[in-house]
Amino acid sequence: MNQKKKRASYVFNSLYDQIELLVSGEFGDANPEVRRPPKESGAQFAVPCFRYAKVKKETPVMLAEKIAERWNSGLKAGGLITRFEPAGGYINVFADQRMLLEEIFKDINALGEDYGTYRQKEETIVVDYCSPNIAKPLTVGHLRSTIIGQALINILKARGYEVVGINFLSDWGTQFGKLLYAFNQWGDENLFEKDPIGHLVDLYVRFHAELDVNPSLEDEARDCFKRLEQGGEEERALWLRFRKASLADFEETVARLGVCFDYNWYESDFEKKAHELIDRLLDEGIAERSQGAVIITTSDDDNPPLVAKKSDGTTLYASRDLASAIERIEKFKPVTKLLYVVATEQNLHFVNLAKALERLGFPGICQHIRFGMVSLPSGKISTREGRVVYLDDLLDEAERRAEEIVKEKNPDMPEDKRAQVARRVGIGAVIYADLSQDRIKDITFDWSKMLAFDGNSAPYLQYAAVRCAKILEKAEPEEQNPMKVLKEEDIPATVDKMTEPETIDLLLHLGRFPQAVSEAAQRYAPHVVAGYLYELATLLSRFYTQVPVLKASDENTRLARLALVHSTGLVLRKGLAILGIRVPVEM
RNA sequence: GCGCCCGUAGCUCAGACGGACAGAGCAUCGGAUUUCUAAUCCGACGGCCGUGGGUUCGAGUCCCUCCGGGCGCGCCA
């Protein structure tokens, strides 16, 4: 039933472990360096000897030669490792290619759709992502948190963690007083009914415009929020309507990205808990009074502390976030990490949050997964100043441009099918444009960059996957799932038929998928998966142009290649799914 | 002023934990289609890795200086 149990470890992982064990045994190095050698070497892994040479007072070249010779003499016949070869201070490790290829095939064959995933760990990671303010639509600014967060969730799940995704909505604070005031002044029920969020944005913009000529509106807004805080029924009813409409709007938009939150949590629900927490921390001496406010010191030097309570006695975002962190730890235990996928501009907040949690007895649990800012060519995004690109508009444009291209490339495709293809290609392009680069980089929003359809882009990967599917579709019915036809004992004969370099390179790369997943999880870096998939698609394209599948010279070769194509399609689809990108049936 | 981040080819980016000649895409130029979808493939062009020092057998990668850009800096979220 659970096929994962059948195999202990992926072949590249066990090869790596074998080498690591050998090196640590030889040099007593607890964390030995095992790396990927240059392609031309033909080796699978390499061990640099330089640092050991220094300790042993030998030249690296001599040491590598000596160790390689010793290791070679200790090799048993029939093992995965066939020889060690000294090369300028490195020891290159060669594996039995046949055996390696067979093992990769066996791994894929045994796990199918689960290939690349790992067994369940007893650890939970909580991921905070998207987390917008209510009463404003999602902009391209929220795009990054949402898709990076979702990709990380998928990656960590694949790596075996229990993962909980939380959308933490900001629905509390003085800004909502502004909105309450504005709605009472200028609100229009009909307009709100028709387009709730659009109307709220208009009111928000109008409030700030009026504020310029009438500064006393600030006080009006504060009063409105005070009444909300004190449980004023009218205010509360209106605020709940804003919130409900906002959530509906958000969920509709993120659904287009294939995102669905495990939980929607509201900041306002932590107002009371924050008060209780602060009282406790005051008792314990972790929090202290300062200039009328309550603070938690988070640094030895003069970095600002975490302000937990204002001098008027009310809580702030920081303390509500802290209370929510405690709640996450208790509700989902055993929690090993709280990840916050939030832009780098909030760095200070998370430094403080992490330090506060450390003082509360949770060192290292809070990790800010920060990413660079998105700005527009005209400057920083600002809803108030109308300098904004809404996420829905971006996705609409993505689909529109994709549809144009489908029409051009594939004019005979019926319209309903074309729309589906355009959706997947357009949205995929947007997601991939972001996830294919390191999160930390700032992005200046650019339509043509976001919506690249060739080169290193989602459509390139999708196209590769579609080609795989199409070949299989044209095969005989009994060949369509070659892995089903293929018994474990047939695998050696199948691998026998894989002789071209394009074929071997492709299969070898398939074997590295589990490592890509693992590295991406360890580094919280979706772009590692993206980079892996791009290379895979490149290898597939090369194979595709060089090696005929359906017209292979003999039946066994044909079946072997079909199995390879099937496996490649599987991994492409799986990897893209991890990034949150779907593959269309045709393109 | 203090703190955090970024700076690699004309443009957009990979090169995590120091290691074998710095790799892609786009753009430009040239080639490939009687063959499973050319949204493809092959080739060419293109780099004092911002600057100057330091550590090291070895630095795009680590430390310091400076330059350029972004962000933040007690009672906003």
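So that the names make sense, note that chain A is the first sequence line, chain B the second, and so on, each numbered from 1.
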Within the 4.0 Å heavy-atom criterion, would you say [X] contacts the bases, only the backbone, or no part of the nucleic acid?
X      : value
A/M587 : base
A/P38  : base
A/E408 : nothing
A/A53  : nothing
A/E58  : nothing
A/A87  : base
A/N347 : sugar-phosphate
A/F50  : base
A/I440 : sugar-phosphate
A/E267 : sugar-phosphate
A/V547 : base
A/P60  : nothing
A/S311 : base
A/L316 : sugar-phosphate

Point to revise | Electrostatic pair A/E220-A/K178, nearest N-O below 4.0 angstrom | key: no
Give me the distance, rounded to whole Å, that separates [N] from [M] when you measure between the [atom1] atoms they each carry.
N     : M     : atom1 : answer
B/U8  : B/G46 : C1'   : 14 Å
B/C26 : B/C42 : P     : 11 Å
B/U51 : B/C62 : P     : 16 Å
B/G10 : B/C45 : P     : 15 Å
B/C4  : B/A44 : C1'   : 43 Å
B/C17 : B/U61 : P     : 10 Å
B/C67 : B/G74 : P     : 25 Å
B/C76 : B/U65 : C1'   : 37 Å

Would you list the atom pairs, donor with acceptor, under 3.5 Å between side chains in residues 57-64 of chain A and any protein atom, with sequence neighbours excluded?
from: A/E58; atom 1: OE1; to: A/K66; atom 2: NZ; distance (Å): 3.3
from: A/E58; atom 1: OE2; to: A/K66; atom 2: NZ; distance (Å): 3.0
from: A/T59; atom 1: OG1; to: A/M62; atom 2: N; distance (Å): 3.1

Point to revise | Base-paired stems in RNA chain B, each at least three Watson-Crick or G-U pairs under 3.5 Å | key: B:1-7 with B:67-73, B:10-13 with B:23-26, B:28-32 with B:40-44, B:52-54 with B:62-64
Is the phosphate of [N], meaning OP1 or OP2, less than 4.0 Å from a side-chain N or O of [X]?
X      : N     : value
A/K54  : B/C57 : yes
A/K380 : B/G72 : yes
A/K474 : B/U37 : yes

Counting side-chain heavy atoms from C-beta on, which of [options] comes nearest to [X]?
X      : options             : result
A/L348 : B/A38, B/G72, B/C71 : B/G72
A/Y534 : B/C5, B/C36, B/G25  : B/G25
A/E345 : B/A77, B/C71, B/A20 : B/C71
A/S541 : B/C41, B/U37, B/A77 : B/C41
A/R542 : B/C42, B/A39, B/C21 : B/C42
A/V406 : B/G72, B/A39, B/G25 : B/A39

Check your understanding: For every nucleotide of nucleotides 9-16 of chain B, 5' to 3': is a protein heavy atom under 4.0 Å from its base (B), only from its sugar-phosphate (S), or from neither (-)?
Key -> ---SSSSB
Check your understanding: With ring centroids as reference points, do A/F176 and A/F225 lie under 6.0 angstrom apart?
Key -> no
Check your understanding: Can the ring centroids of A/F168 and A/F270 be said to lie less than 6.0 angstrom from one another?
Key -> yes
Side-chain donor/acceptor contact of [X] with base of [N] under 3.5 Å:
X      : N     : result
A/S290 : B/G74 : yes
A/N92  : B/A20 : yes
A/E473 : B/C36 : no

